[in-house]
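Both backbone and side-chain heavy atoms feed into the values below; hydrogens, waters and symmetry mates do not.
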Amino acid sequence: MIPRLSRSAWTVLGGDALSAIGSGLTLPFFVVYLHRVRGLDVEVAALALATVALVGLAGNVIGGSLADRYGARNALILGLVLDAAGAGGMTLVNVPWQAFAAAATMGLGASIAWPAQDALLATVSTPDQRSSVFSVRHMTLNAGFGIGALVAALIVDVDSPGTFVALYLLDAATFLAFIPILMTVKAGNRPQLSHETSTPGLSAGYRRILTDWTFVRIWLLTALLVAAGFSQMHAMFPVFALGPGGIGEDALGVAFAANTFTVVAAQLFVLRWMQGRRRTTGMVLTCGFWGAAWGMTLLAGIIEGGPLAVATLVGALVVFAIGETVLTPTLLPMVNDLVPDALRGRYNGVYTLAWTTGFMLGPAVAGVALGAGHATAFLLGLIGGLALAAGAAWRLSAHVPPGANRIGASEPAAAPSPDPVQVTTTTAGEVV
């Protein structure tokens, strides 16, 4: 039942789960802490949170480039140090500029660490293990966030600032504790692009990425799935559930807990069921599950409160969670099966921008639509967007080599398209 992964992969996943617990301690209380404990206006606190995502637009690209130039492990360590510094800085906030500085540091660290860790996991895994390693990561992330949030709920007290300071210090400690764990991962050879820095304008690596039309298709599909799916679970769903859905905050908490529990409980079972199947088929199925989840959400609005509405909304996030478990062995493993080693960091950095873009656009559109009283039309639009994504995923299969389109494929993925950039391999004492 437990996937067979390399020792290095399990090491990275273990450290990532530890840092996820730390993030779970603080993320749910970010705005509450700045507003209720530090006395900042709620608008300022919300803008500080938005700063975390905004900085990610630059940090994703920086992290990918650093991973290729200096090794994914070193880039990940830098991201963890910045994350820890940002979390520590949150304990010192008294005025708005300090909140923005700490949030920007956290956002930069997270956005550098994300593509670097993806590149590292892909490097320490064989092609037939990549679907498994990213599925396990999604499961452990959810478990870590859930454990952290549960512990924080038992500790925090808005009348006791010290409890929040303790949480942020613990968060910083989990990031720093990840670093010695990373140092146990064995070093190896790191491919490099020759004479890359002498290329005028965009580097040869980024020119290749922007003209890789298969990757561009995957990028656009990912941005659409995040905007119509993941981002709406945190942007649209709570507002709709507490408004037209007619349920209370306690029931909403149960719905999100059910989502997290379902991901943790079902991920490995779904991964095993999907072995040998096409990744594009998994993407289509995810669109179906998520469309059904938003349809159930819309139905709860018609019911307008009561136990049936609660059951329907809880069921919606359970169905959504199943869609998550189907998606995780598909997109990111496919990207890493298709890219050359020398550009793995850059590809992952640009790919992460699709997530950042989706998380920025999705809530923005949701806020406008819900604020104007068009909740029903917006939900129908989300279902239509997911239908569009399903069609795009189905067509994507014609552009992806069979080896890169199969979960747990025993045959290696087809080689990437001929690379006009010369690649050399040097011993750099790095993981990648």
- Which pair of heavy atoms, one from V350 and one from W219, lies closest together, and at what distance? O-NE1, 2.7 Å
- Task: Please report the shortest heavy-atom distance between A177 and L18, naming the atom on each side.
- Result: CB-CD2, 3.7 Å
- Task: Could you tell me which residues satisfy salt bridge (Lys or Arg N to Asp or Glu O under 4.0 Å) with R137, sequence neighbours excluded, listed by chain and number?
- Result: D16, D118
- Any donor-acceptor N or O pair under 3.5 Å, side chains T280, N405: yes
- Task: Report the residue from T286, T262, N259 that forms a side chain to side chain donor-acceptor pair (under 3.5 Å) with E324.
- Result: N259
- Query: Are there more than 12 heavy atoms of other residues, nucleotides or ligands under 6.0 Å from atom CZ of F261?
  - Reply: no
- For residues H138 and Q267, is any side-chain donor paired with an opposing acceptor at under 3.5 Å? no
- Query: Going by heavy atoms in the side chains, are S125 and F134 under 4.5 Å from each other?
  - Reply: no
Side-chain donor-acceptor pairs under 3.5 Å in residues 351-358, sequence neighbours left out?
from: Y351; atom 1: OH; to: T222; atom 2: OG1; distance (Å): 3.2
from: Y351; atom 1: OH; to: W355; atom 2: NE1; distance (Å): 3.4
from: T352; atom 1: OG1; to: N348; atom 2: O; distance (Å): 2.6
from: T356; atom 1: OG1; to: N60; atom 2: OD1; distance (Å): 2.7
from: T356; atom 1: OG1; to: T352; atom 2: O; distance (Å): 3.3
from: T357; atom 1: OG1; to: L353; atom 2: O; distance (Å): 2.7

- Does the side chain of F269 come within less than 4.5 Å of T325's, by heavy atoms? no
- Item | Where D341 and R344 come nearest, the two heavy atoms and their spacing | OD1-NH2, 2.6 Å
- side chain to side chain contact (heavy atoms under 4.5 Å, CB included) test vs V136 passes for just one of L121, L268, L141, namely L268
- Query: What is the distance from atom CG of L78 to atom CG of L82, rounded to the nearest 0.5 Å?
  - Reply: 4.5 Å
- Could you point out which residue of Y33, F30, F175 forms a ring pair (Phe, Tyr, Trp, His ring centres under 6.0 Å) with Y168? Y33
- Task: Determine the minimum heavy-atom distance between T328 and S135, stating which atoms define it.
- Result: OG1-OG, 3.6 Å
- Query: Is D212 close to L338 at the side-chain level, that is, under 4.5 Å between some pair of heavy atoms?
  - Reply: no
Side-chain donor-acceptor pairs under 3.5 Å in residues 43-57, sequence neighbours left out?
from: T51; atom 1: OG1; to: L47; atom 2: O; distance (Å): 2.8

- With the side chain counted from C-beta on, respond yes when L382 and M236 share a heavy-atom pair under 4.5 Å apart, and no when they do not. yes
- Query: Side chains of L80 and L182: does their closest heavy-atom pair fall under 4.5 Å?
  - Reply: yes
- Query: What is the distance from atom CG of L386 to atom CG of L224, rounded to the nearest 0.5 Å?
  - Reply: 7.0 Å
- I would like to know whether L327 and F230 meet side chain to side chain contact (heavy atoms under 4.5 Å, CB included); could you show each step before the answer? CA-CA 11 Å; L327 184 65; F230 278 113; 3.8 Å; yes
- Please name all residues satisfying side-chain hydrogen bond (donor to acceptor under 3.5 Å, both in side chains) with T126, sequence neighbours left out, ordered by chain then number. D128, Q129
Quick one: side chains of residues 287-296, donor-acceptor pairs under 3.5 Å with protein atoms, not counting sequence neighbours, listed by atom name and distance.
from: W290; atom 1: NE1; to: F320; atom 2: O; distance (Å): 3.0
from: W294; atom 1: NE1; to: A228; atom 2: O; distance (Å): 2.9

- Message: List the residues meeting side-chain hydrogen bond (donor to acceptor under 3.5 Å, both in side chains) with S131, not counting sequence neighbours, and say none if there are none.
- Response: R279
- Query: Roughly how far, to the nearest 0.5 Å, is the CD1 atom of I112 from the CD1 atom of I62?
  - Reply: 5.5 Å
